[in-house]
Amino acid sequence: MKRDILFLCQFFYPEYNSSATLPFDTARYLAQSGYSVGALCGYPREYNTSGEVPVRETKDGVSIHRLHYMQLSRRSKLGRLLNYFSFTLSVLLHIFEIKDYQAVIVYSNPPVLPIAAILANRLFKTKIIFVSYDVYPEVAYASGSLREGSTVSSVMQRINRSLFQCAESVVALTDEMREYLLDHRPELSAERIVTISNWAHEATADSKSAARAELGYTDEDFIVAYFGNIGICQDETALIQAMNQLADHKNIKFLIAGHGNKMPSVRQAAERLPNVRICDFLTGTAFEHAVAAGSCGIVSLEKGLTGMCAPSKYYSYLQGGLPILAIAEQSSYLSKEPLHSEIGLCSDVGNGVQLTQNILKLYRNLELCKKMSDNAVRLYTEKYARGIGLSKYAALVKNVLRTAN
């Protein structure tokens, strides 16, 4: 008898990036809900602090099989491409493991990975649930990391056509992304795509003062936080400009924690600035305390990426009650929702003057800051809380498995 659902993704437990923690949250929840659940994923390296882990283990009811693959530096385009294809090849070499499952949940990262789900669908009639974290290849076009008409671009487009023809269901992270996919994927019909947002997976710290003291800040400091990736999809220009323009405000401090191919530029700019602290990627209680210490949180999206991405740090900020400082196109939900829900302010991509003005507006109006903080927590609780997203995934899986029987 076939098992219920297999998670097919590059990153998984015990890795700590959101591309690992969100699928594991979902897999564990489904297992606790009575489904038989497995995962075929990559062997952890970059995002792992647990040392050596077994190739196979069962964790919280989820049967995990980790595959070794080439893991080069992701800072170069070639390194990322080789990693993508190496992991996908490892999955294809284990394609018959997918035969044991009625359905597979496959993610858009890496963007060539869905080819394994497509092949399993054709060989074994395995149902496909596709989760679109990012919209490829358009994200790669907009960020300049892939040229339209290239061989890799053509491969991705062929994969997309096949995927959206045979997928039982597609998950978009935002309504904006759902509309984009419907507009740009003619093979996809409206009844087969659902919006399920990501969520924060951290706990919330009890005391802001204690968190600040632990990090060497005082209650008088106004801490502008930027957490997560600063890579091809994020704008670093406005951040660097604001850091420079606010260097003489002794109580305004920038706390930046993360990584990405634009982080070296931020580090270089911060070397001569007394108001900036840069940390490596934070996890667990260290990240929870950093969020608690913050006064507001910056989230950014590069030009041309509206409808294609949904930064995961946004949900952590909301859960932690941080007013949002969005750097995005005005048409993006990252600009619209903070204004509509009164949880933050927005500025144009690359506009450090606007970002500086928004920081000063919050710094000089603590009553406004408190109002936005309360609104952020309320919005998270009512719209983005973990239980909401997990319940939607459970309902989706129930419906897909019903059609599989």
Side-chain angles (χ1 to χ4, degrees), residues 5-12 18-20 22-23 26-27 37-42 65 67 69-70 80-141 145-146 150-173 177-178 180-182 184-189 192-196 198 307-310 393 396-397 400 403-404:
I5 192 85
L6 177 72
F7 282 74
L8 188 57
C9 48
Q10 185 175 3
F11 304 109
F12 203 69
S18 60
S19 296
L22 293 166
T26 310
V37 182
L40 192 60
C41 58
H65 182 191
L67 306 178
Y69 66 102
M70 185 182 298
R80 289 194 298 272
L81 284 175
L82 289 175
N83 291 347
Y84 291 164
F85 283 101
S86 176
F87 176 65
T88 302
L89 177 60
S90 293
V91 172
L92 290 172
L93 292 174
H94 293 81
I95 192 71
F96 283 94
E97 290 192 26
I98 303 178
K99 184 179 181 180
D100 297 332
Y101 292 84
Q102 295 186 69
V104 59
I105 296 181
V106 62
Y107 292 79
S108 58
N109 297 324
V112 292
L113 180 60
I115 195 171
I118 295 167
L119 183 58
N121 174 262
R122 293 178 178 174
L123 291 176
F124 318 128
K125 307 301 181 185
T126 308
K127 301 289 184 180
I128 299 173
I129 299 172
F130 174 66
V131 181
S132 179
Y133 275 176
D134 301 296
V135 178
Y136 285 101
E138 288 91 335
V139 165
Y141 298 156
S145 58
L146 185 65
S150 66
T151 301
V152 174
S153 170
S154 299
V155 169
M156 288 185 184
Q157 289 175 341
R158 285 197 293 270
I159 291 173
N160 279 340
R161 284 193 292 271
S162 297
L163 172 66
F164 290 106
Q165 285 172 352
C166 65
E168 191 77 13
S169 189
V170 173
V171 175
L173 300 187
M177 183 181 288
R178 182 180 185 275
Y180 185 93
L181 288 172
L182 286 173
H184 294 83
R185 300 292 185 267
E187 304 85 5
L188 181 61
S189 52
R192 290 190 293 125
I193 182 167
V194 61
T195 300
I196 305 179
N198 284 341
M308 302 180 196
C309 302
Y393 271 108
L396 176 61
V397 167
V400 169
T403 65

Asker: Under the ring-ring contact (aromatic ring centres under 6.0 Å, His included) rule, what pairs show up with a residue in residues 109-130, not counting sequence neighbours?
Answerer: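 Checked against ring-ring contact (aromatic ring centres under 6.0 Å, His included) - neighbours excluded - the pairs reaching residues 109-130 are Phe96-Phe124, Phe130-Phe164.
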
Asker: Enter the distance from Ile95:CD1 to Leu119:CG here, rounded to the nearest 0.5 Å.
Answerer: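 Rounded to the nearest 0.5 Å, the CD1-CG separation comes out at 4.5 Å.
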
Asker: Roughly how far apart are Glu138 CD and Gln157 CD, rounded to 0.5 Å?
Answerer: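 Result: 8.0 Å between the selected atoms.
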
Asker: Among Cys41, Ser86, Ser90, which residue satisfies the side chain to side chain contact (heavy atoms under 4.5 Å, CB included) criterion with Leu67?
Answerer: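 Exactly one pass, corresponding to Ser90.
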
Asker: Would you say Ile193 has more than 12 foreign heavy atoms packed within less than 6.0 Å of its CD1?
Answerer: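 More than 12 heavy atoms, drawn from other residues, nucleotides or ligands, come within 6.0 Å of this atom.
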
Asker: Kindly give the heavy-atom pair with the smallest separation between Ser189 and Leu182, and that separation in Å.
Answerer: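 Of all heavy-atom pairs spanning Ser189 and Leu182, the closest is C-CD2, 3.9 Å.
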
Asker: When you look at Val171 and Tyr393, which way does the side-chain contact (heavy atoms from CB on, under 4.5 Å) test go after all the steps?
Answerer: CA-CA 9 Å; Val171 175; Tyr393 271 108; 3.6 Å; yes

Asker: Mind checking the CD1-NZ spacing from Ile105 to Lys127? Nearest 0.5 Å is all I need.
Answerer: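 Ile105 atom CD1 to Lys127 atom NZ measures 14.5 Å (nearest 0.5 Å).
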
Asker: Could you check Thr126, Asp100, Val106, Ile98 and say which one makes a side chain to side chain contact (heavy atoms under 4.5 Å, CB included) with Leu6?
Answerer: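 Filter result, single survivor: Ile98.
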
Asker: Counting N and O atoms only, with roles assigned by atom type, does the side chain of Ser108 sit under 3.5 Å from a partner on the main chain of Asp134, one being a donor and the other an acceptor?
Answerer: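 Side chain of Ser108 to backbone of Asp134: a pair is present.
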
Asker: Would a distance-only check, ignoring hydrogens and angles, find a side-chain to backbone donor-acceptor pair under 3.5 Å from Asn109 to Gln10?
Answerer: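 No, Asn109 side chain to Gln10 backbone: no donor-acceptor pair under 3.5 Å.
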
Asker: Could you measure the distance from the CZ atom of Arg192 to the CD atom of Glu187? Nearest 0.5 Å is fine.
Answerer: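 Those atoms lie 9.0 Å apart.
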
Asker: Return the minimal non-hydrogen interatomic distance between Gly307 and Tyr180, and the atom names on each side.
Answerer: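 Distance-wise, the nearest heavy atoms are O-CB, 3.7 Å.
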
Asker: Nearest 0.5 Å, please: how far is CG in Leu22 from CZ in Phe12?
Answerer: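 Answer rounded to 0.5 Å: 11.0 Å.
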
Asker: State, to 0.1 Å, how close Met156 and Pro111 come at their nearest heavy-atom pair, and which atoms those are.
Answerer: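 Looking at all heavy atoms of both residues, the shortest contact is CE-CG, 3.6 Å.
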
Asker: How close do Ser132 and Leu173 get, heavy atom to heavy atom, and via which atoms?
Answerer: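 For Ser132 and Leu173, the tightest heavy-atom pair comes out as O-CG, 3.5 Å.
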
Asker: Begin from the C-alpha positions of His184 and Asn160 and carry the test side-chain contact (heavy atoms from CB on, under 4.5 Å) through to its verdict.
Answerer: CA-CA 11 Å; His184 294 83; Asn160 279 340; over 6 Å; no

Asker: Without hydrogens or angle criteria, can the side chains of His65 and Glu97 be said to hold a donor-acceptor pair below 3.5 Å?
Answerer: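 Yes.
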
Asker: Search all heavy atoms of Cys9 against all heavy atoms of Tyr107 and return the closest pair with its distance.
Answerer: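 Minimum heavy-atom contact is CB-CD1, 3.7 Å.
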
Asker: Taking all heavy atoms of Leu113 and all of Leu8, pick out the closest pair and write down the distance.
Answerer: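 Shortest heavy-atom contact: CD2-O, 3.7 Å.
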
Asker: To the nearest 0.5 angstrom, please state how far the SG atom of Cys166 sits from the CD1 atom of Ile118.
Answerer: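 If I round to the nearest 0.5 Å, the distance is 5.0 Å.
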
